[in-house]
Each structure stands twice: as C-alpha cells, then as structure tokens.
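The model shown is predicted, which means the values in this text are computed figures rather than measured ones.
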Amino acid sequence: MSSKQVSSNTLLQEKLVLNPFDVNDDQMLEKIYMTHYHCVEKYDVGSLHSIASKVIDHSIEIAHSIKQNGEQNEQVREEKDTLISCPRFPTLKRISCQMICTGRGEQYAHQTTMLILEQLREYSWDAKAVIALAAFALEYGKFWQLVPIPRDKLGKSLAELNGLHSIMENMQQLDHFNNLVKKVMEVVKCITHWKKLITGDYNVKDVPALTDTLHEIPVLAYWTIITLVTCTSHIDFLGDKGYRYDLSKFDYKLDYILKNFKEHQDKCNTQIERIKDYSKRKDIINNSTETDIVKYLEALIIPVDPQDPRPVVYNVLAQKEAGIGVFKNKYVLLFISGTDNIDYETQLLISIDVKLREEPKEVEGYRKEDFSILWIPIVSVWDEEQRKKVENISEVGWYVVKEFKFKTGIDLIKEVFNYKGNPIILLISPQGKVENHDAKQIISTWGIEGFPFRTSDHIRLTQQWNWFWTEIKNLSSTIRELINRDCYIFIYGGTNSKWIENFSSAVEKLKNSGTFSLVETTIESYKLGSESPKNVPRFWITIDNMLASRKRIKKGDAEVEDSTTREIKNLLSLKQDPNGWAILTKGSHVKLLGFGDAMLRTVMDLEIWKEKLDHEVSFDVAFKDYYEKCEFKSVPKKCEHREFANYPTDILAHLPCPNKKCGHEMGVASVKYKCCHGLETGDIA
C-alpha cells in the first residue's frame, strides 16, 4: 500500500472517529461549511416545520398522558395541514433510516450528521435543520402511535415486535429524553425565526447584530442535527426495560449555544425595534396632517425605551424643567447646533427673543406671544465642559433640551433636516408643519422685521422694495456697484445743506473709525442726486406717481393696504423732514428708514453703542436699536402733515356724512393729514 493511500485512509479514519465534543466551534464551523453549497433547492420550510412540530408535540402529549393515566387519552383532533413542497419522501425516509441505524456514541452521530449535511448541501441552513427534525418526527411519531395498548391483534403484535411492552418502566428516562427533544425544537424555532429576519426587510447594514448570527447558524444547525441523530438512534431502545443512556452532554451543549444565539437574537430584535420606531417617528414628522407640535417634538426628542436616557426640556429664564406640553399651540423656532462657534446664532436668537416681547404684539395676524424658541444642542460626548457651555447661555427666554443623547432623534435630525453640524434654525407651526427650513436666513437678513419668519415672508420682504431699487438704479451706476458688493449703504438726502454736510462727515468718520475690520461690515454711502441734482425731483415725482397708482386690497368686507403701499408712504414721510433723511441697507435689503436728526445722532454716537458689536450683534441691529432710542427723544414738537392733490379717491380714507339722515360717503375735494405727536387736536381739511 502506498504512503498516499495510507494518508488518505488515516484522514478518513480521523473523520469517522471524530468526537464533536473535543472540537471547538470555530474548528467545527470550518468542517461544517465544507459541506454547504449555494442554496439551490427551494421549498416551504414553514409548513414542513409546522407538520413535524405537531407530530412531535402529539407524541410528547401521548407520553405525558400515559404517565398520568396509564393509557392514551382517546381525544382525536382533526387538523388539516397545507399541502407542502418538501424533499421527496424517499429522501426523507432515507435520512430517517440513516439516523435510526446510527450506532451509539458521539463519533457515530457525527459521522451520520456529516453524511446528512452532504446530502442536503444545496439546502439552506434552516431547511437542513427542519428536514432533520421531520426525519426524527417520522420515526418518533410512528413509535408513539404504537405505544398505547391497542385493541386489535395486529396492533398488539406490532407493539411487541417493537419492544414496547416495558415502556411504563422507563418513564423517568423518557422524561429526560422528551425534555431534550423539546430543547431541540426550541433551537429549530430560533433558526427558522432567524431565517425570516435575514430574508425579510432587514439586512446586515440595518441590523449589524445579524453579522454575529451568520457565523453561529451553521454550528447551531450542526448541533441540532447531531442531537436529532442521537435521539433517533435511541428510539428503538426506549421500550427496553434496562435502557439507560446519558444525553446530558447534548443538553448542556444546546443550552450553551442557544444562550449565545439568543443574546445575539435579542440584539437583532432590539435593533429591528429601533428601525420600526425610527420609521414610525419619521412618518409623524413628515405627516403634518395627523400631528401637532407636541407630537412632533415628542417624536423628535422623547425616547420610548426606558434604557435610553430621557432628555430634559429646560426653561432657561425660569431656571426650571418644563414639559413638552408648554409648546402646545405654539410656533417653535427650532435651533439645532453644537456648542462651539454659535455666538452669531445665539445673539440672533437673543435679539429675536427680546423683540418678541416688544410692541406691536401682533403682526400680519400672528401674535408674538405664540412663538417660542427651543434649542437642541448636539454633541458627541456630554462632559462637564459641554454642560457649562450650555449653562453659560442664561437670562434668555427660550428652552433648551439638556444632554440630548437620543440616537434615534439625532439620526432623524440628520436625515430629515439635513443637519451636518452647522447651526440651523427651523420654524415649525402648531400643526407640526415645517413652515421654514431655513429661518436663520430671514432672521439674519431682516431680524424681527421678518416676523413671523415664514419662507413667504423672506420672499415678500425681498420683493417689496423692488420698486425702490428699480428707480434708484436708474439714477446712478455707482449705487448698482455698491448693491452688488452686498455692503452696508447709507442712502441719504434732504434740503438742509448743513445737515447734509454734517451727515456726510459723520459717515466718513464712522467708516474710518477702525471699528469695522470685517468684510461683511464694509460701509459705504450715497447721496441722492450726487451725479445730477435734477435726479432728486425726478425720483420723488416717480415715487408720488407710484402711490397714486396703488390699489387697495380687498380682504373680506374691508379694504387694506399692501406692504409695498405702506413702505411707499413711509418713504414719502421721510421727505417731509426739514433737516434730511437717510436709509440704511445691506446690499439690496432695506434695514432702516430714518429721520434726519435721529440718524445723524446715531452715526455720531458710535462710541456709545459699538460695544454691542462685541457680542456678535450685526451692525444694522445695533444701529437700529440705538436709532430707535434717539428717534423717541427727538420726536418733532410741531405737527407733520401730508397733502394729496389729484390722487384717485380709492387710496384715501372715506368718511360718512355727519348728517345721520343722509348716510352717504362724502366726496373728496382736498385732503390734508396732520399728526400732532401727542397733542389733543388733529385737523382733516
């Protein structure tokens, strides 16, 4: 005999005498996987599993009944099983014969198990386990069908041939046997459940814990089959009076591998529940027709799982915790950011928070008191440094979600709001609808003038001054260049040459003060009519004609002015100032219409109000705040007035005839509007 043949026989002998309990799971996995091929055979594993389980369950019930009553309970259940597509009966019978003919000993059980795996190499792992279970059920069910004391001679003779006359004397050993069978069935149930997960709507990317089970399933299937092989090989000995065999090794092994597999299965189930929870929350956030602001915020920040840390909604001004319910029927400015490099955004919101408490309380039908600010800070690790950064933002009237660690909520914020680390501000309505995905843009551009901060408000504010820029650009190429640079521009004019001179000088001094080193605070100025004095009356005549051509808007039964008409009137009011007027813009965005003395005083008093710029407040916000204080102090004592001549009557207020018997509206001949600034009299002529 050649050395090659000796070596081959030696390997074969090792394979035959291998004791699986002497090999670790990694080594066994390598041997098992060599028997597996791409899954070609397809059939209804679920139905075969159902039938095999019923056969075994009925068999165990018979054993229990005999133990309790000494005879079979003669209840007959008629159950109809679905016709299934399974391995051909000869195949199933051949496997059951191989199992029942296996000799005693773990080595022989291993040999038969490897033979079965070779025959089932083209089946999936769950199919291999279920087919082995069905082969066991075929023999076990037949055995217990003969156990009851039969009434016919044929049944009695078959029972004697199968050695079942001593079954009552082996009931204790039989209990151990049936307990092991139940445990194998539990393992098979786990395997089939795993198969549903792996072939369902979830993959390894969605459920990372499935990766661990992929390596365990072949080993789990192997120990299922080898245990079934061992149990089947002992069926014929269950009726022997002196039958004794220790199956505890298989019992312990199944306990061990089942425990590990269930741990991974629990992780899979937890991850799947998180996926379902995520999907449910996403539906709530995206479906505003069936939600409200409270449900919306709960879906975003409140976990259901008690193991997830529950965030605290904190009222910064009141210095106390608050429930989500405080946002009921509120518009919420949702501020999402980290804790670093957010000074600009926090100052914007601090400014808005203050303005929301000031008059007027209602704008465009929206009440300021119905708006709240909620900050959700997102950081990778909440340490003491991060906590202090949040606590340092105090004395503001908004809410903050402290120590937000809810992973599902953070993932939703990243996906739904496209949050990538840069600060964002959203406006969410009381109905849970996002009214503006980028409220930061309108707030930074318009401040409180952008209230109520909808996307449509930004469009409205951007377009409502188009008429003004059309006329200004027609007068000068210089102003067109300044607008394109998106810098701050003082556009000014008037009939008082002394004021014009003082204002021009003050603006130049402000520009050269060295206070504004940043590109975004570049300041320029433009005097109306600087290219040609003839442009001044031409400009105002055009504005006058615009007002004359405006139509009042019908809103219900009343007629109201649109925002453009109001701004035209405001601009014409500046013209009445005997000293002068000035307009502050940022590029093409008009920030402030100012009267002469108050504008001059604000420019000259830079040293007083510039400290606000150290707190990241924009130039226009700081300038406007101080201007409003100066304007309040410099209200003219004499009455202002405006006269209208040759104007369409539909832009003027209509008054009824004082004679109650008449009731008609009076015709308009000439009109003078006169404001006495707090005096008790006012004239309408």
Side-chain angles (χ1 to χ4, degrees), residues 297 300-301 311 313-317 327 330-358 368 371-380 382 385-404 409-410 412-414 416-428 434-455 457-458 461 486 488 516 518-521 586-587 589 591 611-625:
L297 293 174
L300 199 62
I301 64 177
V313 178
Y314 193 73
N315 185 324
V316 180
L317 194 62
F327 300 107
K330 296 281 189 180
Y331 285 87
V332 174
L333 284 168
L334 186 61
F335 175 38
I336 303 171
S337 72
T339 56
D340 296 320
N341 303 317
I342 57 169
D343 291 344
Y344 175 71
E345 287 77 16
T346 54
Q347 289 302 324
L348 276 179
L349 290 173
I350 288 171
S351 173
I352 291 298
D353 179 52
V354 172
K355 297 295 182 182
L356 287 173
R357 290 170 172 73
E358 296 178 352
K368 290 182 178 178
F371 283 70
S372 296
I373 300 172
L374 175 63
W375 178 29
I376 303 180
I378 297 176
V379 298
S380 55
W382 280 102
E385 180 183 0
Q386 300 294 351
R387 294 187 189 96
K388 285 184 177 179
K389 287 179 180 179
V390 173
E391 292 170 0
N392 286 341
I393 301 177
S394 57
E395 299 183 7
V396 292
W398 65 39
Y399 299 85
V400 60
V401 180
K402 283 194 169 183
E403 297 193 34
F404 186 56
I410 293 172
L412 277 169
I413 287 171
K414 290 178 178 178
V416 178
F417 302 147
N418 197 29
Y419 176 72
K420 297 180 179 178
N422 295 322
I424 58 174
I425 303 173
L426 304 99
L427 174 67
I428 307 172
V434 179
E435 297 282 354
N436 192 346
H437 284 87
D438 187 13
K440 176 183 171 182
Q441 180 188 32
I442 190 171
I443 293 172
S444 60
T445 303
W446 301 103
I448 197 62
E449 298 299 324
F451 183 86
F453 314 117
R454 300 162 300 178
T455 304
D457 294 313
H458 180 71
L461 289 167
D486 197 37
Y488 286 105
F516 313 104
L518 299 177
V519 175
E520 55 265 30
T521 50
K586 178 70 161 60
H589 302 310
K591 298 292 187 178
E611 63 181 20
K612 279 197 171 185
L613 300 174
D614 297 333
H615 301 288
E616 300 295 331
V617 174
S618 61
F619 171 77
D620 57 285
V621 172
F623 188 94
K624 186 176 180 180
D625 285 347

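Listed by chain and residue number, nothing satisfies the ring pair (Phe, Tyr, Trp, His ring centres under 6.0 Å) test with Tyr314 (two or more places apart in sequence, or in another chain). Applying the ring pair (Phe, Tyr, Trp, His ring centres under 6.0 Å) test to His437 and every residue at least two apart in sequence or in another chain returns nothing. For Ile410, the side chain to side chain contact (heavy atoms under 4.5 Å, CB included) partners are Ile378, Phe404, Lys414, not counting sequence neighbours. Residues forming a salt bridge (charged side-chain N to carboxylate O under 4.0 Å, His left out) with Lys368 (at least two apart in sequence, or on another chain): none. Shown here are the ring pair (Phe, Tyr, Trp, His ring centres under 6.0 Å) partners of Phe371, two or more places apart in sequence or in another chain: Tyr331, Phe451. Residues passing the side-chain hydrogen bond (donor to acceptor under 3.5 Å, both in side chains) test with Glu345, sequence neighbours excluded: Lys440.
Minimum heavy-atom separation, Phe327 to Val313: CE1-CG1, 4.1 Å. Minimum interatomic distance between Pro377 and Val401 (heavy atoms only, all atoms of both residues): CD-O, 3.3 Å. For the residue pair Trp446 and His589, the shortest heavy atom distance occurs at CZ2-ND1, 3.3 Å. A pairwise comparison of heavy atoms in Gly447 and Phe453 identifies O-CE2, 3.6 Å as the closest pair. Annotation for Asp457 and Gly450: closest pair CB-O, 3.7 Å, computed over non-hydrogen atoms. Contact record, Leu349 with Ile373: O-CD1, 3.8 Å, taken as the closest heavy-atom pair.
The shortest distance between side-chain heavy atoms of Asp620 and Lys624 does not fall below 4.5 Å. In this structure, Ile393 and Trp398 have side chains that are in contact, with non-hydrogen atoms separated by less than 4.5 Å. Side-chain contact between Tyr419 and Leu426: absent, with no pair of heavy atoms (C-beta onward) separated by less than 4.5 Å. The closest side-chain heavy-atom distance from Leu356 to Ile448 is below 4.5 Å. Side chains of Ile428 and Leu374 form no contact here, defined as non-hydrogen atoms less than 4.5 Å apart.
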*Go through Phe623 and Tyr488 one step at a time and tell me if the ring-ring contact (aromatic ring centres under 6.0 Å, His included) criterion holds.*
CA-CA 11 Å; Phe623 188 94; Tyr488 286 105; 9.2 Å; no
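Of the possible donor and acceptor atoms, none in the side chain of Asp353 sits under 3.5 Å from a partner among the backbone N and O of Ile350.
Taking the charged nitrogens against the carboxylate oxygens, Glu391 and Lys388 have no contact shorter than 4.0 Å, which rules out a salt bridge.
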